[in-house]
Amino acid sequence: MLAVDGDRGGASAGGSPGAAEAGVSKTCAAEARAPEVGCNPFEREGGSYASVRPAYPAGAVAALLASAARGRGRRPLRVADIGAGTGKMSELLARAGARVDAVEPSEAMRSQASSVEGVTWHCGVAEDTGLPDGMYDIVVFAQSWHWVDSERAGIEAARMLDSGGVLGIVWNQMDVSVPWVHRLTRIMRSGDVHRPDRPPLPGGGFAPMRLTQVPWEDLVTPERILALETTRSSFIRASEQGRARMQENLRWYLYEHLGYAPGESLAVPYTTLVWVSRR
């Protein structure tokens with residue numbers, strides 16, 4: 001079993017085309033039309049998300065791109081990254097040659113995004129993106145599917161995909177089959193566990209989803225894990241007293257129970273789940 005390490009402000013994602021290339025739109029009509037955006041905990045995230053959240057392993061990005069590459073010739077793949085957060089998946093896809101429309105409802109998340117050639121930013125919601133019909137080879141939800149209405153978001157993804165296009169749902173998850181990692185995720189309140197034997201069930205008439213699993217390790221320090229905890233929705237939503245207690249418990253576990261010294265490296269095992277289905 002695996003624990004999600006990366007809940008993002010992606011319950012609502014989308015927007016209209018036309019933002020500056022590799023730029024971040026500072027206005028968002030969807031914020032006015034989508035009431036759930038106002039409840040987005042990531043609007044209160046302290047600004048560490050982009051620097052401490054893990055990226056995706058190369059194997060996961062390659063599996064996603066390979067699922068859509070057949071029959072597309074040499075042209076760049078067009079990708080819609082829905083609930084793009086700070087752009088971790090968008091950046092990797094663009095650097096691999098794709099043209100990416102990144103959609104994210106949270107201004108706090110979009111403001112942390114790097115300017116990357118090939119990525120155009122939009123604000124909006126997953127269930128009503130406003131993006132064009134039939135344009136995309138891939139519509140991907142990386143670390144954001146658990147925030148959406150799966151029926152409506154799947155229907156919206158099907159509308160955006162070109163014939164034969166691919167829906168991708170990706171989760172980076174700590175490997176809680178390792179006992180010390182399991183306890184770490186419980187102390188961090190690391191979110192949902194997405195099991196490899198329970199595929200997502202999107203609306204939109206997609207075929208049953210197929211899974212690729214990519215095991216990898218994230219080399220971090222105890223201090224980075226402490227900072228990582230502060231980017232989780234459970235921490236953001238907690239009271240000041242609750243946050244202090246969460247950090248105190250995590251410091252005890254890392255420094256006293258596990259015995260790591262400040263600045264010492266430790267390898268956290270992950271498995272990335274890459275679910276794909278064709279339209």
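- The ring-ring contact (aromatic ring centres under 6.0 Å, His included) pairs that include a residue from residues 76-114 number zero, where partners must be two or more places apart or lie in different chains.
- Between A60 and V274, the shortest heavy-atom contact is CB-CG2, 3.7 Å.
- Expressed to the nearest 0.5 Å, how far CE of M109 lies from SG of C123 amounts to 12.5 Å.
- Applying the side-chain hydrogen bond (donor to acceptor under 3.5 Å, both in side chains) criterion to R95, with sequence neighbours excluded, gives E91.
- Residues V268 and L258 fall within the same hydrophobic cluster, defined by Ile, Leu, Val, Met, Phe, Trp and Tyr side chains chained together at heavy-atom separations under 4.5 Å.
- The list of salt bridge (charged side-chain N to carboxylate O under 4.0 Å, His left out) pairs with a residue in residues 250-263, not counting sequence neighbours, is empty.
- A heavy-atom distance below 4.5 Å is not found between the side chains of S277 and V166.
- With contacts defined as side-chain heavy-atom distances shorter than 4.5 Å, the pair L64/I138 qualifies.
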Checklist line | Chi angles and distances behind the side chain to side chain contact (heavy atoms under 4.5 Å, CB included) call for R245, N249 | finding: CA-CA 6 Å; R245 183 169 58 251; N249 289 341; 3.9 Å; yes
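- Considering CG of L250 and CD1 of I187, their distance stands at 6.5 Å, rounded to 0.5 Å.
- In this structure L211 satisfies the side chain to side chain contact (heavy atoms under 4.5 Å, CB included) test together with P196, Q213, L273, W275, sequence neighbours excluded.
- The main-chain N or O of A153 is never found under 3.5 Å from a side-chain atom of E156 such that the two would form a donor-acceptor pair.
- In this pair, H146 and W171 present their aromatic rings tilted. The plane angle is within the 30 to 60° band.
- For Q247, the side-chain hydrogen bond (donor to acceptor under 3.5 Å, both in side chains) criterion is met by E229, not counting sequence neighbours.
- Take E217 and apply the side chain to side chain contact (heavy atoms under 4.5 Å, CB included) test, not counting sequence neighbours, and it matches A267.
- Every residue two or more places apart in sequence or in another chain that forms a side chain to side chain contact (heavy atoms under 4.5 Å, CB included) with S150 is listed here: W145.
- I155 approaches G204 most closely through the heavy-atom pair CG1-N, 3.6 Å.
- Sorted pairs that involve residues 201-210 and meet side chain to side chain donor-acceptor pair (under 3.5 Å), not counting sequence neighbours, are lacking altogether.
- A distance-only check finds a donor-acceptor pair linking the side chain of E223 to the backbone of G263 [under 3.5 Å].
- Within the 4.5 Å cutoff, the side chain of L228 has heavy atoms near those of the M188 side chain.
- Side-chain contact, T86 with R53: no donor N or O sits under 3.5 Å from an acceptor N or O.
- The side-chain hydrogen bond (donor to acceptor under 3.5 Å, both in side chains) check on R279 picks up nothing, with sequence neighbours excluded.
- The distance from the CD1 atom of I225 to the CG atom of L184 is 5.5 Å, given to the nearest 0.5 Å.
- Evaluation of the ring pair (Phe, Tyr, Trp, His ring centres under 6.0 Å) rule for Y253 yields H257 as partners, not counting sequence neighbours.
- Residues satisfying the salt bridge (Lys or Arg N to Asp or Glu O under 4.0 Å) test with R224, not counting sequence neighbours, are none.
- Between the CD atom in Q143 and the CD1 atom in I169 there is a gap of 12.0 Å [rounded to 0.5 Å].
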Legend entry - Check against salt bridge (charged side-chain N to carboxylate O under 4.0 Å, His left out), D81 and K88: CA-CA 10 Å; D81 182 7; K88 288 183 176 290; over 6 Å; no
Where do T221 and L226 land on the side chain to side chain contact (heavy atoms under 4.5 Å, CB included) test, with the steps shown first? CA-CA 9 Å; T221 63; L226 284 161; over 6 Å; no
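- Using modelled atom types, no side-chain atom of R78 and backbone atom of D101 make a donor-acceptor pair closer than 3.5 Å.
- In terms of the side chain to side chain contact (heavy atoms under 4.5 Å, CB included) criterion, P208 has no residue partners (sequence neighbours excluded).
- Residues Y136 and V100 fail the side-chain proximity criterion, which asks for heavy atoms closer than 4.5 Å.
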